[in-house]
There are 2 protein chains.
Amino acid sequence: MDPRQLAVLRELGDRGSVTAVAAALFVTPSAVSQQLAALQRSTPVPLTERRGRTLVLTDAGRALAAAAADVATALARAERAVDEHLTDPRGTVRVAAFHSAAATLFPRLLQAGGDAVLELADQDVEQARFPALTADHDIVIAHRPDHSPPWPASTSVTPLLHEPLDVALPVGHPLAARADLSVADVADQPWIAVQSGYPLLGSLEAIAAAAGRPARIRHRINDFTVAAAVVAAGGGIALMPRYTAPVRPDVVLRPLRDLHVARRVDALVRPERALRSSVISTLGVVRDIARRLTDAADTAVTA
Amino acid sequence: MDPRQLAVLRELGDRGSVTAVAAALFVTPSAVSQQLAALQRSTPVPLTERRGRTLVLTDAGRALAAAAADVATALARAERAVDEHLTDPRGTVRVAAFHSAAATLFPRLLQAGGDAVLELADQDVEQARFPALTADHDIVIAHRPDHSPPWPASTSVTPLLHEPLDVALPVGHPLAARADLSVADVADQPWIAVQSGYPLLGSLEAIAAAAGRPARIRHRINDFTVAAAVVAAGGGIALMPRYTAPVRPDVVLRPLRDLHVARRVDALVRPERALRSSVISTLGVVRDIARRLTDAADTAVTA
DNA sequence: AACGTCCTTTTAGTATCACTTCATGGACCC
DNA sequence: GGGTCCATGAAGTGATACTAAAAGGACGTT
């Protein structure tokens, strides 16, 4: 069953003559006649009959023409299917974020609502593997240290946070009494670092480089909540992001005075996914949440 | 939007690789790849993406594939549309009959029921125009005198009645006292005939030919009910069909002894219409009604 | 690290098919 | 009985979907 032949048949039902159909479809009457003949070849009963000098549909022809209308509408819907997928504000948006960002952003994202249906996932992976996550998630919230190689050009990047990394100390620690710290202060401290390949490691290496000697890495803990607990227990000091670190009464953050260490938190989206309006709006919500997060923290510091 | 391309896309969603799709559709992977490329050309967003060494659908591709399923079902329905039209027992059947047959058959046909939806119409036309009525009616109940040219071969003919034509006389008429009549008895009577071209005229001409002299035609009345009333009023005698003539207490029918005049009542159906099961079953009902009509009349005569 | 396998894509060539043009055959109207 | 309109057939042309063959990547193995 060829949709074009069906369309010709339907048109014949509406217009009542081969010539009129030909005019409507911008072809010659001969073409229409041949299409009808081809359609007839695949049908055991006559679909058309001559009425005077014009050609009209038989009952069977009308039955088939009615089915042809359904075919045409289904095709039209297919034509629009991609566009509707792009513009549907209630579409499903899959968001992935590394642990600490997930802990901070996901609750606020769910509260902010929006029309999109959200599928959230936490994904803590090595820095190089963040872009690959965009295969399975519409929005990937990733992080990397300042001065590390930028995300590949194949992904669309939306900056969310530019977050200083402070030194986390237990409240009783001698350095905790100071307002800020220098590289020399922390260079020889026992450190709690992250697993090899994970983003914050680069920042710690920058500190070691500035100090001129390797850092004394005691533990390797990726999860900030766990790391903070180990800091509180006196297991060492650690780098922690200023805005998204877990808040504990027995751990304080102190900025580094003489070395700029910070990380960037970005939303990675494949360019084609960024065409979906539900993705765009969700991305906007995430960006707003991040902005408020920065503002609130800066206000608190200033106050 | 080409349904074949859509089918390939859908198949890719189900099977997950170009090679599998090619195997399912009995073509080479190259053909599949080219069809997908062609479909992609008409779409602004990627429909497929490489996952490892196979090709999978993107979200947009899945959206389009879902629409493609609807297209496929619509096409399948179109494929079956004609067949369903043929086999639907509840289809509409349009029946036309000349006046006297309509008066006799239509009430019985409606009572007999059947699943078909009936559209009844009375059509009294000249003999030659009965076949043309099959253009507008599925079943045309027509009549013609014996020995008249048969119906054209393009129509399928179902004999319903072979009905003798008797002479209708008013009860007080001298000839009404006899059990049967001869041509000589009636040749010189004043006749009530039908309009020129209508079937029963041929039978009256046969009587005139047998008598060797033209009939004395006083009136020309097509409707038997009207003709019977005129006979009763003494306006003349008339030929009337034995089974379907209107019954009046003041009119009697007497057979002709020495000349066989009769008419055939047939159901005319176009061969392609005779494929519809609703038409077939209705035709069967009509034939049964006609058979019972003949049996009942013959029994009454014998008794 | 190199190789082989599997999958996809590209290129070139071929066959099919829908179209146009031109010509023919009915049907209707004066 | 021409003249007109309509539908259809034959021949030729262009687009296109296919196959075959080769090339390019990704993965697993040795």
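Below, chain A is the first sequence line, B the second, and so on; all start at residue 1.
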Tell me whether the side-chain N/O atoms of [X] come closer than 4.0 Å to OP1 or OP2 in [N].
X: B:Q34; N: D:dT19; value: no
X: B:T28; N: D:dC18; value: no
X: A:T19; N: D:dA7; value: yes

For this session: Quickly work out the A:R15 CZ to D:dC6 P distance and round it to whole Å.
Result: 15 Å
For this session: Figure out the CD/P separation between B:E11 and C:dT8, and round it to whole Å.
Result: 14 Å
For this session: Tell me what A:S30 touches on the nucleic acid: a base, only sugar-phosphate, or nothing, going by heavy atoms under 4.0 Å.
Result: base
Problem set entry | A:W151 and A:F130 aromatic ring geometry - parallel, tilted or perpendicular at 30°/60° bounds | perpendicular
Problem set entry | Residue B:S33, side-chain heavy atoms: nucleotide from D:dA17, D:dT8, C:dT9 that is nearest | C:dT9
Exercise. Looking at the side chain of A:R4, which of C:dC7, C:dC19, C:dT21 is the nearest nucleotide?
Worked result: C:dC19
Seminar exercise, completed: 5'-most contact on DNA chain C (nearest-nucleotide basis), A:V32 vs B:A20, goes to B:A20
Strictly below 4.0 Å, N to O, side chains only: are [X] and [Y] in salt-bridge contact?
X: A:D2; Y: B:R4; result: no
X: A:R276; Y: A:D88; result: no
X: A:R94; Y: B:D59; result: yes

For this session: Might you point out which heavy atoms bring A:H137 and A:A121 nearest each other, and give the distance in Å?
Result: CE1-CB, 3.7 Å
Exercise. Which heavy atom of B:A193 sits nearest a heavy atom of B:L204, and at what distance?
Worked result: CB-CD2, 3.7 Å
Exercise. Which residues in residues 36-62 of chain B have at least one heavy atom lying under 4.0 Å from any atom of DNA chain D?
Worked result: B:G52, B:R53
